[in-house]
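Basis for what follows: all heavy atoms, side chains included, without hydrogens, waters or symmetry-related copies. Below, chain A is the first sequence line, B the second, and so on; all start at residue 1. All values reported here derive from a predicted model rather than from experimental measurement.
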There are 2 protein chains.
Amino acid sequence: MASGSVRTAVRPDKAAAEEVPGFRPLYRQVYEVLVRRIAEGVWKPGDALPSEPEIAADLGVSHGTVRKALDELAAENLVLRRQGRGTYVASHDDARILFQFFKIVADTGEHRFPESRILSVDIVDADSDAVQRLAVRAGARMVRLDRVRSVGEKLCIFERILLPKVMFPGIEKRALPNNLYELYRSVFGVTIVRTTEKLKAVGATRSVAKHLDVAAGTPLLQVDRVAFGIDGKAAEWRVSLCLTDTTHYLSDLR
Amino acid sequence: MASGSVRTAVRPDKAAAEEVPGFRPLYRQVYEVLVRRIAEGVWKPGDALPSEPEIAADLGVSHGTVRKALDELAAENLVLRRQGRGTYVASHDDARILFQFFKIVADTGEHRFPESRILSVDIVDADSDAVQRLAVRAGARMVRLDRVRSVGEKLCIFERILLPKVMFPGIEKRALPNNLYELYRSVFGVTIVRTTEKLKAVGATRSVAKHLDVAAGTPLLQVDRVAFGIDGKAAEWRVSLCLTDTTHYLSDLR
DNA sequence: CAGTGGTCTAGACCACATG
DNA sequence: ATGTGGTCTAGACCACTGT
């Protein structure tokens, strides 16, 4: 089916534009159309988008306007552009996750994806913390996942992950890979594009200390992360407790 | 003196351009000219830049090219653009510092600039850590500054700051305000535009514990920050030890 | 070679702020 | 009314990638 021009679809004419309260610039509307299509799976991660002139003709806007929309998509790591090749929907391969979301780095500067070992998988009811962080109903069914992670032989992270069961049906019966975000995308159609993290220093509880093979009270970096999908909905709440004797969390601000 | 066009100054003609190894797009050259002028103080923080058509005519490039350069400057928070008003060089007022560089937030969500109390000011020689982080000569003269910070009545941060003496002559004899970055800019012409931070969880040493009025071994969030000036040179190394029982470090990733 | 993204231009018009 | 930044267009040409 023809998608029609953005202008006629969203901004009927220039005279009417001023009366529309939620008016957005054309390039922003193009951006939203493209995000929607990616979210709906019209183009899947790794696929090439149509060329810039094609998108422009399809939506009835100019080259420059499409470009500005794609610039924003690229700035948010939703697409990858390669001169001479094309524009591709970003995927969640290990390298991207590592670069974008996994901020724990060895003090030597080495940056490696950690191995994971699952400790437990449970179905639980959402408590008030989960309700607040994931915006689910009180008592909603959740999948809770505990695991420990290590780099090389060294245990370094204990992690508790909470997922709304309804967004990830049957995940509790699956074999769980190292890179969960790739699983969320490929099996459940949930593409993580943004996270917010709250960091604290805490002392290891006895149970966590046991899992990490350290003394109770050992200082740990607690990373409390909520991850959001391309549709803006919170999809995962994860609390990681990290041993930072030989690693650190890297944060560049500008 | 006339600044001349960017094109004739940096890219004599299109045929020759390919032979230049360090070729950069025009808008990038415009960007660099503008950064240089801001760094040199041609326009100071708070000043308005010339209008877009003026800059375009001045440098002999088109409106669109100037715009793309200014877009980058604005994206890096070096300038602030206000429709109908003009483009202004960004300043380091408390609100900006708070938003851009001070990531410690109360668990309640409240975001306040902390009060500071200076503990000591010393002149020391650069040790190997300082040499590595600030790229100064071994044994270079440094100013070392210890202080504690509090929000309301609550002590929450012990901080040790190291500055190359040559970049901040006489700072050791000054009264030191709460907002050091603003002092660096207004008195020493050093505008901080970027930082890199390494975070760890550590236990409070006896001396730090005393300053923060907590028990030795209390878990603290250690923030090890190097701040860079607009010229790209490292200007400050700061290690902050933060009590995170009622606060956290906020990090949004996308 | 053809097709892709990347750069640059010139000009029109809009939205906002100030006098 | 004037001047500012913000949006949008149409078209030219460049640089890179694969056939």
Please check if any side-chain donor atom of [X] sits under 3.5 Å from a side-chain acceptor atom of [Y], or the reverse.
| X | Y | result |
| --- | --- | --- |
| N178(A) | S116(A) | yes |
| E115(A) | S150(A) | no |
| E32(B) | Y27(B) | no |

Subject >> Sidechain N-carboxylate O distance under 4.0 Å for R238(A), D224(A) >> reply: no
Kindly say if [X] contacts the phosphate of [N], meaning a side-chain N or O under 4.0 Å from OP1 or OP2.
| X | N | value |
| --- | --- | --- |
| T65(B) | dT9(C) | yes |
| K68(A) | dC8(D) | no |
| Y27(A) | dT7(D) | yes |

Tell me the interatomic distance from [X], atom [atom1], to [N], atom [atom2], rounded to whole angstroms.
| X | N | atom1 | atom2 | value |
| --- | --- | --- | --- | --- |
| R81(B) | dA15(C) | CZ | P | 18 Å |
| H63(A) | dG5(C) | NE2 | C1' | 7 Å |
| R28(B) | dA15(D) | CZ | C1' | 19 Å |
| Y31(A) | dT7(D) | OH | P | 15 Å |
| R24(A) | dC14(C) | CZ | C1' | 19 Å |

Subject >> Selection residues 76-107 of chain A - residue pairs positive for ring pair (Phe, Tyr, Trp, His ring centres under 6.0 Å), sequence neighbours left out >> reply: F101(A)-Y181(A)
**OP:** Quick one: which residue pairs count as a side chain to side chain donor-acceptor pair (under 3.5 Å) with a foot in residues 38-50 of chain A, not counting sequence neighbours?
**Re:** none
Subject >> Where at least one partner belongs to residues 182-199 of chain A, residue pairs that pass salt bridge (Lys or Arg N to Asp or Glu O under 4.0 Å), sequence neighbours excluded >> reply: E182(A)-R185(A), E197(A)-R225(A)
If you only use heavy atoms from C-beta on, which nucleotide in [options] is closest to the side chain of [X]?
| X | options | value |
| --- | --- | --- |
| S62(A) | dT4(C), dC8(C), dC8(D) | dC8(D) |
| P25(B) | dT9(D), dT4(C), dC8(C) | dC8(C) |
| E52(B) | dT4(C), dG6(C), dG6(D) | dG6(D) |
| S51(B) | dT7(D), dT4(D), dT7(C) | dT4(D) |
| R67(A) | dT4(D), dT7(C), dT9(C) | dT7(C) |

Original post:
Does K103(A) have any side-chain hydrogen bond (donor to acceptor under 3.5 Å, both in side chains) partners at least two apart in sequence or in another chain, and if so, which?
Top reply: none
**OP:** Taking only heavy atoms on the protein side, list every residue of residues 83-93 of chain B lying under 4.0 Å from any atom of DNA chain C, sorted numerically.
**Re:** Q83(B), G84(B), R85(B)
Subject >> Greater than 12 external heavy atoms within 6.0 Å of R82(A)'s CZ >> reply: yes
**OP:** On DNA chain C, check which nucleotide each of R82(B) and V66(B) is closest to and give me the residue with the more 5' one.
**Re:** V66(B)
Original post:
What are the residues of residues 69-80 of chain A, sorted by number, that bring a heavy atom to within less than 4.0 Å of DNA chain D?
Top reply: none
